[in-house]
Protein chains: 2
Amino acid sequence: MVSQVDRKLITRKALMDGALALVAEGSHYSSLSLREVAKRGGVVPNAFYRHFKDLDELGLALADEFGLLLRLIMRQARLQGLAADSMISDSVNFYVEYVQKEPALFRFMAQSITGGSPAMREAMRNELGHFANEMVTDLNRLGILPNISGTDMNMLGHLAIQTVFGNTTEILDLPENSANMIEAIRERCTKQVRLIFLGASDWDAKSEKQQKLDAKANRKKKKSKTE
Amino acid sequence: MVSQVDRKLITRKALMDGALALVAEGSHYSSLSLREVAKRGGVVPNAFYRHFKDLDELGLALADEFGLLLRLIMRQARLQGLAADSMISDSVNFYVEYVQKEPALFRFMAQSITGGSPAMREAMRNELGHFANEMVTDLNRLGILPNISGTDMNMLGHLAIQTVFGNTTEILDLPENSANMIEAIRERCTKQVRLIFLGASDWDAKSEKQQKLDAKANRKKKKSKTE
DNA sequence: ACAATGAGTGTACAACTGTACACACTAAGA
DNA sequence: TCTTAGTGTGTACAGTTGTACACTCATTGT
């Protein structure tokens, strides 16, 4: 005895979970069939149309769900109140933990950034971009790296999240019970992010000067090439 | 009047190019059908089996071709003899140029790292890893960053190439004739790599000490969590 | 209490899929 | 020169695909 709107929400969720399950089992989202997904959701193929017009539309709904997960992760991380001396390794650990906790959604995300429909790719890029922006906001609020300009801070944020997210597939591809491998990835990733922030702390007026010099040399070279 | 082995090689190439063409037009490799690929290669479906057992096998052949392209890029970059003062921006420009020159292969690569079969993913990771190793060898030969240990140098190489390759999909998704957007990506990517190397130049004994401190704090936190 | 809304079902069909089999035709080797 | 090997073709078939149409039946709002 469930209300009609609940029933609808339940089936909708079942379809989304069905698609995710298939992805988690190794299929690529863009090679799924509507019938497969419907069957996995415990529903007849035609019922699919009561919820989504397309598999593309379902994909965008999954992208939304992934965005929600990201927001949840951010909130959790903030609540935990990371200590300054271990902020980077804590964040990386946090991320790795969530990838293992929600492998299907992260696998889907990884697939979609490079392989989804154009709309899908944009949606995923937006989610990650939002995540990076939030991180930059936090860094500013905490007064970390105060000497860096706004655009450079943005660049830094994107670099950091791109680096962390770049390890996703590798984590997911590990066989189960290989905690030592996970540990290795975690350490390498922490090192990488730490190196990035070390670079950022030197990314001040001095390096700006160097940058301009380099840019000039670059333009010169380009010019001589076209001649 | 072509020899039999030539004919075979020609058709094989046609099949591979057909698959790449479909990928370049927006399909995901893992959603291609054998018949589609055969038609695009100008051959009847059954003829496919004379060259590949599977679409997977064709995919691995394409991964090989991508590896060849990477080696070509490396050789070209070395021949050009990059100047020390603009080495980073030159390398990035070089990469961006090749992505635009071979969009299909790079699109295929981007798709395959996160979305191919397990064998495919591993093949692509190996190709990129080899590329990173070559880069590290060059850095060592040129005496750049002599104070960094072997494993850290490896980490650095992987970070650098992951950063550059991370821009691939974004470049490929730009509409044609948007040179200014390309320029923006090129600049951002150059900045990122420069920041990474800036961080690496400080990645010495001093930062190693800081790293150990952080690791200790991390262990402490973990312990208290499990209690 | 009753009509209506709408989630889920069953049947149907044309298009497409991978692949098995028998065949043609041409280059290679005797 | 004649046989052989091997690339490419044509036909065939069973399974899967997306989706249209007509339907049941429970939950809703009156």
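Residue numbers begin at 1 in each chain, while the letters A, B, ... track the order of the sequences.
Side-chain atoms of B/Val44 lie closest to D/dG10 of the nucleotides D/dT28, D/dA20, D/dG10. For B/Gln4, the side-chain atoms get nearest to C/dT26 when compared with the rest of C/dT26, D/dA20, C/dA20. Closest to the side chain of B/Asn46, from the set C/dG10, C/dG18, C/dT19, is C/dT19. Taking the side chain of B/Thr11 as heavy atoms from C-beta on, and the options D/dT9, D/dT7, C/dT9, the nearest nucleotide is D/dT7. Counting only heavy atoms from C-beta on, B/Arg35 has its side chain closest to D/dA12 among D/dT19, D/dA12, D/dG10. Of the listed nucleotides (C/dT19, C/dT11, D/dT28), C/dT19 has the atom at the smallest distance from the side chain of B/Tyr49.
Atom C1' of nucleotide D/dT9 and atom NZ of B/Lys39 are separated by 16 Å, given to the nearest angstrom. For the pair A/Asp54 CG and D/dT17 P, the interatomic distance rounds to 16 Å; values are reported in whole Å. Going from atom CG of B/Asp6 over to atom C1' of D/dG6 covers 15 Å, rounded to whole Å. Taking atom CZ of B/Arg12 as the reference point, atom P of D/dG8 lies 12 Å away to the nearest angstrom. The CZ-P distance, from B/Arg40 to C/dC16, rounds to 16 Å in whole Å. A straight line from CZ of B/Phe48 to P of C/dG18 spans 9 Å, rounded to a whole angstrom. Atom P of nucleotide C/dG18 and atom CG of B/Leu55 are separated by 7 Å, given to the nearest angstrom. Residue A/Asp56 contributes atom CG, which lies 14 Å from atom C1' of D/dG18 at whole-angstrom precision.
Centroid-to-centroid, the aromatic rings of B/Phe165 and B/Tyr95 come within less than 6.0 Å. Proximity of the aromatic rings of A/Phe106 and A/Phe66 is defined here by a centroid distance below 6.0 angstrom, and this criterion is met.
Comparing A/Arg50 and B/Val5 against DNA chain C, the residue whose closest nucleotide sits nearer the 5' end is A/Arg50. Along DNA chain D, the nucleotide nearest A/Lys53 and the nucleotide nearest B/Pro45 are compared for position; the residue whose nucleotide lies closer to the 5' end is B/Pro45. Taking the nucleotide of DNA chain C with the nearest heavy atom to each of A/His51 and B/Leu34, the more 5' of the two is matched to A/His51. Between A/Leu32 and B/Lys8, the residue anchored nearer the 5' end of DNA chain D, judged by the nucleotide with its closest heavy atom, is B/Lys8.
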Between B/Leu128 and B/Met124, does a side chain to side chain contact (heavy atoms under 4.5 Å, CB included) hold up when you go through it step by step?
CA-CA 6 Å; B/Leu128 294 196; B/Met124 279 300 176; 5.7 Å; no
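A donor-acceptor contact under 3.5 Å is not formed by the side chain of B/Arg7 with the base of D/dG8.
Using a cut-off of 4.0 Å between Lys/Arg side-chain N and Asp/Glu carboxylate O, B/Arg40 and B/Glu25 are scored as salt-bridged. A salt bridge does not link A/Arg12 to A/Asp17: none of the charged side-chain nitrogens sits closer than 4.0 Å to a carboxylate oxygen.
Taking 4.0 angstrom as the limit, A/Ser33 places a side-chain polar atom (N or O) nearer than this to OP1 or OP2 of D/dT17.
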